[in-house]
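Owing to the predicted nature of the structure, the values given are computational and were not obtained by experimental measurement. The chains referred to below are lettered A, B, ... by the order of the sequence lines, with proteins before strands, and numbering in each begins at 1.
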Amino acid sequence: MSQVRVRFAPSPTGFLHIGGVRTALFNWLYARQQKGALVLRIEDTDQSRSTEESIQAILDGLRWVGFDWDEGPFRQTHRLELYRDHAMKLLEQGKAYWCVCKPEELEARRKEAEAKGLSPRYDGRCRSLGIVKPAGEAALRFRAPQQGQMIVDDLIKGRVVFDHEVLDDLIILRSNGIPTYNFSVVVDDALMGITHVVRGDDHLTNTPRQLPIFEALGFPLPRFGHLPMILGADKTRLSKRHGATSIMEYKKMGYLPDAMVNYLVRLGWSHGDQEIFTRQELIEKFSWDHVQKSAAVFNPDKLLWVNEQHIKQDDPAKVASLLLEYLISLGTMDPMKTEDFSEEILAYRLVNAPRESLVKAVVMVRERTKTLEEMAHWVTPYLHDEARIEEEAAKKFLTPAMAPVLAELTQYFSMLPEFSKPGWEDAFKKFVETKGLKMGQVAQPVRVALTGRTASPGLFEVVELLGRERTLYRLRKGVEYAQRAA
RNA sequence: GUCCCCAUCGUCUAGCCUGGCCUAGGACGCCGGCCUUUCAAGCCGGCAACACGGGUUCGAAUCCCGUUGGGGACACCA
């Protein structure tokens with residue numbers, strides 16, 4: 001059995017969108033599972049719509065989501081000679097012919113046919129003209145078979161039958177010498193040795209147009225697989241109206257690449273009742289026969305949930321490094337910068353390596369965050385030595401009345417011989433009890449002193465992360481704040 | 001208009017090929033409860049679907065036909 005070779009062939013007319021990512025995903029998964037090759041090909045034969053920025057955006061998007069390719073990126077505009085040669089071969093063999101109809105004429109005839117309720121197909125008027133050397137501008141048309149049937153055994157849709165008579169003679173070479181899509185794909189897929197052409201549903205009806213070209217050129221047929229479309233909440237094709245459609249917007253919103261992949265693959269593929277997959281699991285478990293045939297509605301709520309699951313379950317070190325990258329992109333944290341810390345604060349600094357402390361912080365906050373964006377917010381109180389105290393929170397809990405209690409607690413903590421989470425927790429409970437207070441009455445002010453906020457992870461998880469010195473430092477700062485409030 | 005594809009809770013889906021185990025399972029969301037030092041998370045429970053009509057069969061979500069609905073394609077776009 002020969003090696004599986006698949007391809008992702010976007011046209012660079014915009015950013016990499018969700019639908020494109022999913023097409024790339026299925027190709028990538030299959031290539032990795034079969035230990036085959038993924039070829040990246042840029043279909044830029046429409047020169048008026050293709051841009052360099054789009055190519056860059058597509059590559060960036062693929063890299064972010066982690067789909068590595070084995071060959072390419074190839075650009076069709078760099079391969080024009082190849083298409084012309086093959087087109088000429090067809091001409092010589094009488095399998096293609098020159099068409100001298102003007103684009104405007106074709107357009108007019110098409111409109112007319114439509115108005116009469118007929119199929120807007122090319123009427124084939126140049127078919128038997130036998131033009132050898134066109135005088136003026138001319139396009140090359142493929143002489144398509146007119147009877148019989150084409151049978152496609154689609155990986156996803158199953159057996160699909162098309163009648164040849166519904167097809168017309170399509171243009172394979174424009175009058176400017178640039179090939180059209182249906183021709184260049186065939187030449188490329190064949191020459192690149194693609195064994196499985198997996199693409200969007202919208203190409204299903206292009207398949208019967210392409211098959212005869214493979215045959216005319218004497219190329220072996222690849223297998224085809226047509227992935228269903230992704231729809232918006234209103235069940236129309238996903239577009240800007242539905243909100244974010246560029247994959248990079250999800251990066252900005254704090255989604256994990258693995259979560260994105262997980263969600264997108266489940267949108268149209270299933271493995272029993274399993275919802276959460278690692279990349280490795282997907283590669284192992286993926287199979288064409290569980291790919292859904294019908295279109296699926298993109299559900300942002302579920303995507304968010306999947307992201308949350310990955311934040312909670314994935315390797316915290318990995319999440320931390322993604323978070324660090326995210327923090328840097330926000331400007332919240334510059335790991336190279338130390339002047340943030342005053343001498344005084346540095347004295348109390350226990351957490352030296354941002355990466356290491358970040359992993360601990362991730363583990364602490366991950367139960368309560370759904371995205372890196374939220375995580376960035378939750379983790380900030382632990383990034384620096386001093387916590388920025390929120391005014392609203394302080395007003396409510398760091399009150400003058402609270403100052404003596406906090407001061408006493410701080411004193412009490414500072415005298416404890418040993419520092420440990422359970423030790424301090426017990427001590428705290430005893431303190432609250434002997435004072436005749438309720439947990440919440442003391443816990444909230446302490447929370448504000450330690451984190452600057454009214455909502456945080458468990459108090460003693462925070463204490464443990466901060467360590468003895470930073471905890472005491474922040475408590476003292478809290479006491480000062482409460483006293484000043486008088 | 002012609003051709004092609006599709007059809008299970010609001011959404012993603014399991015089940016369908018190889019009919020009975022389906023009084024249709026899971027997940028998101030929603031509602032209620034438990035837990036609780038805050039915020040979450042977690043746990044328990046609830047609401048909610050086989051598009052419709054004919055067949056075939058002892059028996060159909062599952063097989064066949066039709067209807068309806070949705071989507072796609074019919075460019076010197078990809």
For B:C3, which nucleotide in any strand shown is its Watson-Crick or wobble partner with both distances under 3.5 Å?
B:G72
Would a distance-only check, ignoring hydrogens and angles, find a side-chain to backbone donor-acceptor pair under 3.5 Å from A:T371 to A:E373?
yes
Between the CZ atom in A:R75 and the OG atom in A:S50, the distance rounded to the nearest 0.5 Å is 8.0 Å
Which whole number of Å gives the distance between the C1' atom of B:A7 and that of B:C52?
12 Å
Distances under 3.5 Å between protein N/O atoms and the N/O atoms of nucleotides 32-36 of chain B, please, pair by pair.
none

Any strand is fair game: report the nucleotide pairing with B:G59 by Watson-Crick or G-U wobble, both distances under 3.5 Å, or none.
none
Paired to B:U23 by Watson-Crick or G-U wobble criteria (both distances under 3.5 Å) is none
Only distances under 3.5 Å count here; give the side-chain donor-acceptor pairs of residues 95-103 of chain A to other protein atoms, sequence neighbours excluded, each with its distance to 0.1 Å.
| residue | atom | partner | partner atom | Å |
| --- | --- | --- | --- | --- |
| A:K95 | NZ | A:Q93 | OE1 | 3.2 |
| A:K95 | NZ | A:A216 | O | 3.0 |
| A:Y97 | OH | A:D169 | OD2 | 2.6 |

Using heavy-atom distances to pick each residue's nearest nucleotide on RNA chain B, tell me which of A:Q444 and A:S11 is more 5'.
A:Q444
Between the base of B:G72 and the side chain of A:D201, is there any donor-acceptor pair under 3.5 Å?
no
Grab the CD-P distance between A:E105 and B:C76 for me, whole Å please.
12 Å
Ignoring hydrogens and geometry beyond distance, is the side chain of A:R121 in donor-acceptor contact with the base of B:U2 at under 3.5 Å?
no
Between side-chain atoms of residues 171-181 of chain A and protein atoms elsewhere (two or more places apart, or another chain), which donor-acceptor pairs fall under 3.5 Å?
| residue | atom | partner | partner atom | Å |
| --- | --- | --- | --- | --- |
| A:R174 | NH1 | A:P179 | O | 2.6 |
| A:N176 | OD1 | A:I178 | N | 3.0 |
| A:T180 | OG1 | A:I171 | O | 2.6 |
| A:Y181 | OH | A:H203 | ND1 | 3.2 |

To the closest 0.5 Å, what do you measure between OG (A:S184) and CZ (A:R41)?
7.5 Å
Interatomic spacing from CG in A:L80 to CG in A:D85 - rounded to 0.5 Å
11.0 Å
RNA chain B: 5'-proximal contact among A:G440 and A:Q309 (nearest heavy atom):
A:G440
Side-chain donor/acceptor contact of A:D44 with base of B:A78 under 3.5 Å
no
A:E165 CD: over 12 foreign heavy atoms closer than 6.0 Å:
no
Is the base of B:C76 touched by the side chain of A:S175 through a donor-acceptor pair closer than 3.5 angstrom?
yes
B:G10 to B:A24 separation - P atoms, rounded to the nearest Å:
15 Å
Taking pairing as Watson-Crick or G-U wobble with both contacts under 3.5 Å, can you name the mate of B:G10, or confirm there isn't one?
B:C28
Re B:A48: Watson-Crick or G-U wobble partner, both distances kept under 3.5 Å, found to be none
